[in-house]
Amino acid sequence: MKSIEKEIHLKTIGITKRFGGLVAVNHVNINVMRKSITLLIGPNGCGKTTLVNTITGIYEPDEGEVYFEGKNITGLPPDRIYREGLVRTFQIPSPFTKLSVLDNLLVAARDHPGEKFRTHLFRRSWIKTEEELINKAFEYLKILGLDKYWDREASELDAGGLKLLEIGRALMSDARMIILDEPIAGVNPRLAHNIFSHIVELRNKLGITFMIIEHRLDIALRYSDYVYAMNRGEIISSGTPDEIIRDEKVRSVYLGEV
Ligand SMILES: Nc1ncnc2c1ncn2[C@@H]1O[C@H](COP(=O)(O)OP(=O)(O)OP(=O)(O)O)[C@@H](O)[C@H]1O
Ligand SMILES: [Mg+2]
């Protein structure tokens with residue numbers, strides 16, 4: 001039992017978030033397993049983004065608790081949660097379109113060379129840090145298939161490339177778990193599959209945990225390990241993609257409306 005507990009990366013217990021009289025998230029319990037790709041699905045307005053906002057500190061829950069790596073992070077401000085290694089892509093400043101792809105990763109690094117420069121007395125140690133950061137950035141760019149564009153302006157990337165850049169920037173902040181809100185929205189199917197393939201690769205090679213909100217189930221379900229389905233603020237079902245597709249409750253509230 002204990003070893004199973006250890007594998008939980010993120011846990012919510014009875015998370016509730018109200019907006020006035022509206023209960024946007026109602027006593028939600030989820031477990032996101034370490035190194036999993038966990039999908040959160042549900043119709044428009046069912047509370048997916050609000051749940052994620054409550055997990056990542058944008059909102060304080062009215063009730064309930066959030067644990068990340070066993071630590072209670074309920075009510076911590078977003079920047080603290082981000083520094084704990086739980087990163088939602090929009091918590092990082094948006095890509096600088098005029099900067100190169102590589103520079104976009106470097107500025108997203110938690111220990112950005114500029115910061116080190118101020119804190120280090122000796123320039124030599126700063127250079128070493130910068131070199132390490134560049135090596136790290138190239139390692140991520142390679143996995144994301146962006147290394148050949150390293151010196152291009154970010155504005156030259158296509159929609160899929162920009163999404164991957166966003167994930168690369170999250171990695172530079174030493175994220176161990178990344179939450180993505182509709183990463184393939186508005187992206188053509190070929191690029192969408194490409195984005196999800198890279199997510200799988202990051203999970204396999206680096207052991208990153210992903211929690212992903214997505215409407216495009218035809219694509220997203222193929223790459224996920226586990227799925228939580230929401231409706232009207234509540235989790236109505238959870239299971240493997242196969243179990244979710246067959247679930248009558250999910251079919252009626254979610255698939256029925258597509
Ligand atoms: N800041 C807010 N103030 C008041 N009501 C809000 C706020 N944010 C969300 N809501 C409401 O809470 C409910 C859940 O919204 P939420 O954005 O979490 O849904 P969602 O599942 O992410 O939907 P979508 O799939 O369209 O992105 C909706 O009824 C929405 O109108
Ligand atoms: Mg949303």
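Order of listing sets the numbers, starting from 1, for every ligand and every atom in it.
No N or O atom of Leu22 sits closer than 3.5 Å to an N or O atom of ligand 1. Backbone and side-chain nitrogen or oxygen atoms of Gly47 are examined, and one is located within less than 3.5 angstrom of a nitrogen or oxygen of ligand 1.
Distances below 4.0 Å separate heavy atoms of Thr50 from the following atoms of ligand 1: 9 (C), 14 (C), 15 (O), 16 (P), 18 (O). Distances below 4.0 Å separate heavy atoms of Glu182 from the following atoms of ligand 1: 27 (O).
The presence of a protein heavy atom under 4.0 Å from atom 31 (O) of ligand 1 is ruled out.
Salt bridge Arg83/Asp79: present, at least one basic N to carboxylate O contact under 4.0 Å.
Between the side chains of His27 and Glu63, at least one donor-acceptor pair of N or O atoms lies under 3.5 Å. Between the side chains of Thr74 and Asn72, at least one donor N or O sits under 3.5 Å from an acceptor N or O.
For atom 1 (N) of ligand 1, the closest non-hydrogen atom on the protein side is Tyr59 OH, 3.2 Å. Scanning the protein for heavy atoms near atom 26 (O) of ligand 1, the closest one is Asn44 ND2, 2.8 Å. When hydrogens are left out, the protein atom nearest atom 2 (C) of ligand 1 is Phe19 CE2, 3.5 Å; that is the closest non-hydrogen contact. In terms of protein heavy-atom proximity, atom 17 (O) of ligand 1 is nearest to Thr49 CB, 3.9 Å.
A 4.5 Å side-chain heavy-atom check between Asn29 and Lys11 finds every atom pair outside the cut-off. Here the side chains of His215 and Lys48 are in contact, with some heavy-atom distance below 4.5 Å.
Of the candidates Ala24, Gly45, Pro43, the one placing a heavy atom closest to atom 28 (C) of ligand 1 is Gly45.
Within the coordination shell of the Mg ion (ligand 2), defined by N, O or S atoms under 2.8 Å, Thr49 is present.
By the 4.0 Å heavy-atom criterion, His215 is counted among the residues contacting ligand 1. Not a single heavy atom of Gly42 sits under 4.0 Å from any atom of ligand 1.
The two residues Met177 and His9 come nearest to each other via the heavy atoms CB-CE1, 4.1 Å.
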TODO: Given salt bridge (charged side-chain N to carboxylate O under 4.0 Å, His left out), test Glu69 with Arg176 step by step and report yes or no.
DONE: CA-CA 10 Å; Glu69 297 181 345; Arg176 289 183 300 284; 2.7 Å; yes
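In summary, the aromatic rings of Tyr59 and Phe19 are positioned with their centroids under 6.0 Å apart.
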